[in-house]
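In what follows, residues are counted from 1 in the order of the sequence shown. Here the structure is a predicted model, which means the values were calculated and not measured.
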Amino acid sequence: MQIARRIDGEIVSIDSRQIYRRLDIGTAKPTSEMRSEIRHWCIDVIEPTERYSLGEYLKAARAAIEDIRARGKRPIVVGGSGQHMRALLEGWQIPPAAEDPEFRAALLQESAAALFDRLRNVDSRAAEQIGPTNTRRLIRALEVHHLTGRPISEWQQMREPVDYRACAPDIPLEDLDQRIQQRTAAMFEAGLVDEVRQLLAEGLAERAPGFDSIGYREVLAHLGGECSLDEALEGVSQATRRFARRQRAWFRRDDPSICWAADVPLAMLE
C-alpha cells in the first residue's frame with residue numbers, strides 16, 4: 001500500500017487462494033478499505049466450487065497489467081504463490097491443452113511415487129522441479145505430455161520475460177514463525193470458524209476446490225469433530241510454517257533478480 005501510494009500504482013495479487021469469492025478471512029484478503037483506496041486485481045475472481053488454472057490466472061494478470069499501464073499507472077505485483085509469480089514474470093507460455101477427465105481419473109488411482117516415476121520417464125526436468133509429493137502438479141505435467149505430445153518443461157522454456165524489479169522481506173525464521181502464529185490467531189479471532197460454518201450452511205461442499213487450502217482444511221476437521229479448536233489453530237500455524245519454508249524454493253536468497261531487505265527500498269522501485 002505504501003508503494004502504491006508513492007508511485008501511483010495498483011496492486012495485482014499473485015495468490016492462488018484469494019481468487020476465491022467468499023473465502024476472505026482464511027486467505028487474508030486486503031480489507032474493503034484498502035481495496036477502495038488502491039485498486040486490487042485478481043481477487044474474488046471465481047466461486048469456491050470452481051477451479052482456476054495457471055493459464056487462466058496468467059491471462060487475467062497480464063490483462064490487468066496492460067490495463068494499469070494503459071492508464072499511466074504502475075502495476076505492483078504482490079504475493080507468495082511461487083509458480084504463479086515465476087510464470088508471470090518469466091513470461092511462461094502455457095500449453096494450449098484442456099483437461100482430459102478420463103486420463104486424470106486414471107492417474108488419480110496411482111500413488112504419488114508412481115506418478116513421479118512415470119513423469120521422470122517422459123520429462124525428467126519437470127519431475128525434478130515438481131518433486132515426488134505434489135500429486136496435482138505431477139498429474140498436470142503428465143496430462144500436458146499426453147495431450148500435446150511435448151513435455152511441460154519444453155512449453156515452459158518458451159518464454160517472453162517482462163521487465164520488472166523485485167524486492168522481498170528479509171525476515172529471520174524465528175520472527176517469521178512468530179508472525180505466522182500471531183496471524184493465525186488473528187484469523188481465528190476474526191471469525192474464521194464462523195466463515196467456514198456459514199459457507200457450509202450455504203451449501204458449499206467440503207470437497208470444493210476453495211476449501212483445499214491451509215486454514216480451511218483444519219477448520220473443517222474441527223467442525224467435523226476430528227480435532228479441538230486449539231488443535232485446529234495449531235495445525236494451521238504448523239502448515240503455514242511448512243508452506244513458508246517451501247516458498248524458499250521459489251524465492252531464493254541467491255536469486256540476483258530479488259532485492260532482499262528489511263524494509264522496502266522505495267527509491268529502487270522509482
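Residues Ser228 and Glu231 approach most closely at N-OE1, 2.8 Å, considering heavy atoms. Across every non-hydrogen atom of Glu218 and Ala239, the tightest pair is OE2-CB, 3.8 Å. The two residues Ala60 and Tyr52 make their nearest non-hydrogen contact at CB-OH, 3.4 Å. Here the shortest heavy-atom pairing between Pro132 and Ala112 reads O-CB, 3.4 Å. Smallest separation of non-hydrogen atoms from Pro209 and Arg17: O-NH1, 3.5 Å.
A salt bridge links Asp177 with Arg245: the distance from a Lys NZ or Arg NE/NH1/NH2 to an Asp or Glu carboxylate oxygen falls below 4.0 Å. Arg118 and Glu110 are joined by a salt bridge, as a carboxylate oxygen and a charged side-chain nitrogen come within less than 4.0 angstrom of each other. Under 4.0 Å is where a charged nitrogen must lie from a carboxylate oxygen, and between Arg22 and Glu47 at least one such pair does. A salt bridge links Arg252 to Asp254: at least one charged side-chain nitrogen sits closer than 4.0 Å to a carboxylate oxygen. Between Arg136 and Asp212 there is no salt bridge, since no side-chain nitrogen of the basic residue lies less than 4.0 Å from a carboxylate oxygen of the acidic one. Between Arg35 and Asp44 there is a salt bridge, since at least one side-chain N of the basic residue sits less than 4.0 Å from a carboxylate O of the acidic one.
In this structure, CG on Leu89 lies 9.0 Å from CD1 on Ile258, to the nearest 0.5 angstrom.
Remark: Glu154 pairs with Arg150, Pro151 by the side chain to side chain contact (heavy atoms under 4.5 Å, CB included) rule, at least two apart or across chains. For Arg241, the salt bridge (charged side-chain N to carboxylate O under 4.0 Å, His left out) criterion is met by Glu234, not counting sequence neighbours. Ala106 meets the side chain to side chain contact (heavy atoms under 4.5 Å, CB included) test with no other residue; sequence neighbours excluded. Contacts of Arg207 classified as salt bridge (charged side-chain N to carboxylate O under 4.0 Å, His left out), with partners at least two apart in sequence or in another chain: none. For the salt bridge (charged side-chain N to carboxylate O under 4.0 Å, His left out) test, no residue two or more places apart in sequence or in another chain qualifies with Arg137.
When the shell of 6.0 Å around CD of Glu128 is examined, it contains 12 or fewer heavy atoms from other residues, nucleotides or ligands. Surrounding CD of Glu102 are at most 12 heavy atoms belonging to other residues, nucleotides or ligands under 6.0 Å away.
Residues Glu10 and Arg71 meet the side-chain proximity criterion, which asks for heavy atoms closer than 4.5 Å. The shortest distance between side-chain heavy atoms of Arg104 and Glu99 falls below 4.5 Å. Inter-residue side-chain proximity for Ile94 and Lys59 is flagged as unmet; no heavy-atom pair is nearer than 4.5 Å. The side-chain heavy atoms of Val78 and Ile14, taken from C-beta on, include no pair separated by under 4.5 Å. Ile11 has its side chain out of reach of Val77: every pair of non-hydrogen atoms, C-beta onward, lies at least 4.5 Å apart. With contacts defined as side-chain heavy-atom distances shorter than 4.5 Å, the pair His145/Ile152 does not qualify. Arg125 places a side-chain heavy atom less than 4.5 Å from the side chain of Gln157. Here the side chains of Tyr57 and Ser16 are not in contact, with every heavy-atom distance at 4.5 Å or above.
With hydrophobic clusters built from ILVMFWY side chains whose heavy atoms lie under 4.5 angstrom apart, Ile25 shares a cluster with Leu223. Residues Leu88 and Ile19 share a hydrophobic cluster, clusters being chains of Ile/Leu/Val/Met/Phe/Trp/Tyr side chains in contact below 4.5 Å. Grouping the Ile, Leu, Val, Met, Phe, Trp and Tyr side chains by contacts below 4.5 angstrom, directly or via other members, places Val162 with Phe251.
Between the side chains of Gln178 and Glu174, no donor N or O sits under 3.5 Å from an acceptor N or O. Inspection of the Trp250 and Gln83 side chains reveals no N or O donor paired with an N or O acceptor under 3.5 Å. Residues Asp100 and His146 bring a donor and an acceptor atom of their side chains to less than 3.5 Å of each other. Side-chain N/O atoms of Ser153 and Asp123 include a donor and acceptor closer than 3.5 Å. Residues Gln18 and Ser13 have side chains that bring a donor and an acceptor to within less than 3.5 angstrom of each other. Side-chain contact annotation: Glu195 with Tyr216, donor-acceptor N/O pair under 3.5 Å present.
Ser124 places no side-chain N or O within 3.5 Å of a backbone atom of Arg120 that could act as its donor or acceptor partner. With hydrogens and angles disregarded, a donor-acceptor distance shorter than 3.5 Å links the side chain of Arg159 to the backbone of Gln156. Between the side chain of Asn121 and the backbone N or O of Asp117, at least one donor-acceptor pair lies under 3.5 Å. Without hydrogens or angle criteria, Glu56 side chain to Ser53 main chain gives a donor-acceptor distance under 3.5 Å. Using a distance-only test at 3.5 Å, with no hydrogens or angles considered, a donor-acceptor pair links the side chain of Thr31 to the main chain of Met34. Put simply, the side chain of Arg217 never gets that close to the backbone of Phe211: no donor and acceptor are under 3.5 Å apart.
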Could you list the donor-acceptor pairs under 3.5 angstrom formed between side-chain atoms of residues 179-191 and any protein atom two or more places apart in sequence or on another chain?
from, atom 1, to, atom 2, distance (Å)
Gln181, OE1, Ser237, OG, 2.7
Thr184, OG1, Ile180, O, 2.8

Next item on the list: Starting from the C-alpha separation in whole Å, work towards a yes-or-no answer on side-chain contact (heavy atoms from CB on, under 4.5 Å) for Ile38 and His40.
Entry: CA-CA 6 Å; Ile38 304 294; His40 288 64; 4.2 Å; yes

Notebook entry, point to check: Run the side-chain contact (heavy atoms from CB on, under 4.5 Å) check on Val12 and Ile68 step by step: do they pass?
Noted result: CA-CA 10 Å; Val12 180; Ile68 295 167; 3.7 Å; yes

